[in-house]
Chemist: 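Take this structure first; my questions come after.
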Amino acid sequence: MSATDSMSLPAYAPPTVPGWAIARAPVEDPVEAAYMAGAALNSLDNLVRADPPWAGAWRQRVALSAAASVARLLGHREGAGALRDAWHLRPPGADPGPAGNLLAAWRRLASRSPMLDVDGLRSLTTLLGLAWAPALEALPEALETAATSSRPAPLAAASAVATVSAAAPGTEALAWWIADLTLARRMRWPIPVPVLATQIHAPALRSAPGGRRYRPGGEGGEAALCLAAAAGAAEACRLAADIARRAARLGAVAPKLRAKGAGEAIALLLDDDAVSGALTTAALSRWASRRLFERLVALDAVRELSGRSTFRLYGL
C-alpha cells in the first residue's frame, strides 16, 4: 500500500473579506480606513489561526508576491517568476544573487516566529542589499515597544515604519518588511503573512498629492497602512481559497499515486510555493520525481509554474 493511501486533507473553506471592506475608490476618512482594516484582518486572522495543511504553501506564495512588489520598488527587473527561479534553481549552498536574496528575506519572514534581534536585523539588511547604519542598533528595542503597545495592529505597524524611516532614511524595503513583522506581532500570529508589502503599488495607496504612492515616513501613514492591511488581507484570503481548492484536488488524487516517496513530495508541495521537478529524496530519484510530477499535472492536481520544458518548478 502506498503511503499516500492514508493521506486525508480536512475540508476547509477559507474566510472571505466582505466587499464593503475593500476600497473601490480613494478613501479619505482615516476612520473608514481603520474600519475596513479591522474587518479584513478579522477574516485573515481566522484563516491564520485555522492553520490548514497547505498554510506553508500559502504563506510562501504571499511572500513571493511581497518580494516581487519590493523588487519593483527597488527598480529590479525581476518579476515573481524570475525571483522564484533565482531561489529554487540555485545550486545547493550557492549564493542566489540579489534577486534570490530579496526573496529569501521575505521567505524568512513567512516561515518563522515574528521576532527580531540585532543579529537578525544585520542579516536582513544584507539580504536586502542595504548598508548597515549604526542607528539601526537600537531598532529592535523600539520595534518591540511598537509591537507590544495597545494600538491596533495597522497603527502599530505605521509606528514601526516611522521608526525605521527616522533611524535609516532611504531604506524603504526594510520599512515594509518591518511593517509586516510588526503587524504579525500585534496580531499574535505565530508566523507572519506579509500582506502589507504586497500593496506597495496598489491604487488604494496612491493618496499622496498628485496621485503619488504612499512612502514610509510620509504623511498619512496610519491611514495608508490600514488600507494596505485591508487590501492585502483580501488578496491573501482570495489566494487561500484558490490554494485550498488545489490542495483538496491533490488530496483526492493522492491514493492513485504508487510512486515510493510520493507522500514526501506532496508534503513539500503543501509546505512551499514551488518544488523543483528535479527533486531527489531517499525514496525518489530525479527520474521518479519527473514521472510523479507529470502524473500530478495530468491529474490536474498541481501546476507547472515555469512554463519551460526543462528546469521545471511545480506547485499548487
Side-chain angles (χ1 to χ4, degrees), residues 37 41-42 44-52 55-67 69-70 87 96 100-168 171-200 216-217 221 225 228-229 232-233 236 271-273:
L41 286 174
N42 179 66
L44 183 59
D45 184 64
N46 289 334
L47 172 55
V48 170
R49 297 188 188 286
D51 193 27
W58 169 63
R59 285 194 301 268
Q60 291 302 334
R61 191 69 55 83
V62 176
L64 176 65
S65 178
S69 183
V70 173
W87 177 257
N101 282 328
L102 179 61
L103 178 56
W106 294 95
R107 286 177 61 85
R108 175 184 297 186
L109 180 62
S111 61
R112 59 181 67 178
S113 62
M115 305 296 292
L116 188 67
D117 57 18
V118 173
D119 289 340
L121 184 58
R122 283 184 179 274
S123 175
L124 173 63
T125 56
T126 299
L127 291 176
L128 294 175
L130 302 174
W132 180 258
L136 293 174
E137 291 278 354
L139 190 56
E141 183 176 352
L143 296 177
E144 181 68 14
T145 299
T148 57
S149 70
S150 60
R151 306 193 75 198
L155 305 191
S159 177
V161 164
T163 300
V164 174
S165 300
T171 57
E172 191 171 352
L174 175 62
W176 283 106
W177 196 98
I178 293 297
D180 272 310
L181 176 85
T182 305
L183 181 77
R185 284 289 312 279
R186 192 69 192 89
M187 295 293 294
R188 298 182 181 178
W189 292 339
I191 301 176
V193 183
V195 296
L196 298 177
T198 64
Q199 302 304 305
I200 293 173
L225 268 293
D271 197 48
D272 206 345
D273 163 58

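Side chains included, hydrogens not; waters and symmetry mates left out as well; all remaining heavy atoms used.
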Chemist: Please give me the minimum heavy-atom distance between M187 and A153, naming the atom from each residue.
Modeler: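 Closest approach of M187 to A153: SD-CB, 3.6 Å.
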Chemist: What is the minimum heavy-atom distance between A160 and L143, and which atoms define it?
Modeler: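 Heavy atoms only, the tightest pair is CB-CD2, 3.6 Å.
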Chemist: How many angstroms lie between atom CE of M115 and atom CZ of R185, to the nearest 0.5 angstrom?
Modeler: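 Nearest 0.5 Å value for the CE-CZ distance: 4.5 Å.
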Chemist: Within the 4.5 Å heavy-atom criterion, are D273 and W87 side-chain neighbours or not?
Modeler: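 No, every pair of side-chain atoms sits at 4.5 Å or beyond.
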Chemist: Less than 4.5 Å apart, any side-chain heavy atom of T198 and any of S65?
Modeler: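 With C-beta onward as the side chain, the pair touches.
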Chemist: Give a yes or no on whether the backbone of P192 and the side-chain of D180 come within a donor-acceptor separation of less than 3.5 Å.
Modeler: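 Pair absent, no side-chain N/O of D180 close to backbone of P192.
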Chemist: Considering only heavy atoms from C-beta outward, does the side chain of L183 approach that of V195 to under 4.5 Å?
Modeler: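 L183 reaches V195 side chain to side chain.
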Chemist: Hey, are the side chains of T145 and T163 touching, using non-hydrogen atoms and a 4.5 Å cut-off?
Modeler: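 Side chain of T145 against side chain of T163, heavy atoms only: no contact under 4.5 Å found.
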Chemist: Side chains of P154 and L41, heavy atoms from C-beta outward: is any pair under 4.5 Å?
Modeler: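 Side chain of P154 against side chain of L41, heavy atoms only: contact under 4.5 Å found.
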Chemist: Search all heavy atoms of A236 against all heavy atoms of V62 and return the closest pair with its distance.
Modeler: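 Scanning both residues, the minimum pair turns out to be CB-CG2, 4.4 Å.
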Chemist: Starting at OG1 of T182, measure out to CG of L155 and round the result to the nearest 0.5 Å.
Modeler: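 Answer for the OG1-CG pair, T182 versus L155, is 12.0 Å.
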Chemist: Pairs under 3.5 angstrom only: tabulate donor-acceptor contacts from the side chains of residues 127-135 to other protein residues two or more places apart or in another chain.
Modeler:
none

Chemist: Nearest 0.5 Å, please: how far is CG in D119 from CZ in R122?
Modeler: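 One finds 7.5 Å between CZ of R122 and CG of D119.
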Chemist: For R59 and L109, indicate whether the former's side chain and the latter's backbone hold a donor-acceptor pair under 3.5 Å.
Modeler: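 The answer is no, because no donor-acceptor pair under 3.5 Å joins these two groups.
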Chemist: Give a yes or no on whether R49 atom CZ has more than 12 heavy-atom contacts from other residues, nucleotides or ligands under 6.0 Å away.
Modeler: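 Atom CZ in R49 is packed in, count exceeds 12.
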Chemist: Are side-chain heavy atoms of Q60 and S111 found at a separation under 4.5 Å?
Modeler: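 Yes - at least one pair of side-chain heavy atoms lies under 4.5 Å apart.
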Chemist: Nearest heavy-atom pair of A184 and P114: which atoms, and what distance?
Modeler: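 In terms of heavy atoms, the two residues are closest at CB-CB, 4.1 Å.
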Chemist: Give the minimum heavy-atom separation between A179 and A157, together with the two atoms involved.
Modeler: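 Smallest interatomic distance, heavy atoms only, reads O-CB, 3.6 Å.
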Chemist: Give, for atom CG of D51 and atom CH2 of W58, the distance between the pair rounded to the nearest 0.5 Å.
Modeler: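 Result: 9.5 Å between the selected atoms.
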Chemist: Write down the atom of N101, the atom of P96, and the distance for their closest heavy-atom approach.
Modeler: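 For N101 versus P96, the nearest heavy atoms are OD1-CG, 3.4 Å.
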Chemist: Could you tell me whether the side chain of W176 reaches within less than 4.5 Å of the side chain of V161, counting heavy atoms only?
Modeler: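 Not touching, per the 4.5 Å side-chain cut-off.
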Chemist: Hey, is D272 close enough to R107 for a salt bridge, meaning N to O under 4.0 Å?
Modeler: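 The answer is yes: the pair qualifies as a salt bridge.
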Chemist: Working to the nearest 0.5 angstrom, can you tell me the gap between I178 CD1 and S159 OG?
Modeler: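 If I round to the nearest 0.5 Å, the distance is 12.0 Å.
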Chemist: How would you list, by chain and number, every residue that makes a salt bridge (Lys or Arg N to Asp or Glu O under 4.0 Å) with D271, sequence neighbours excluded?
Modeler: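 Listed in chain order: nothing, the list is empty.
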Chemist: For W177, which of T171, L196, L116 qualifies under side chain to side chain contact (heavy atoms under 4.5 Å, CB included)?
Modeler: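 It is L116; the other options fail the test.
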Chemist: Hey, could you give me the CG/CG distance between L47 and N42, rounded to the nearest 0.5 Å?
Modeler: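 Atom-to-atom, L47:CG and N42:CG are 11.5 Å apart.
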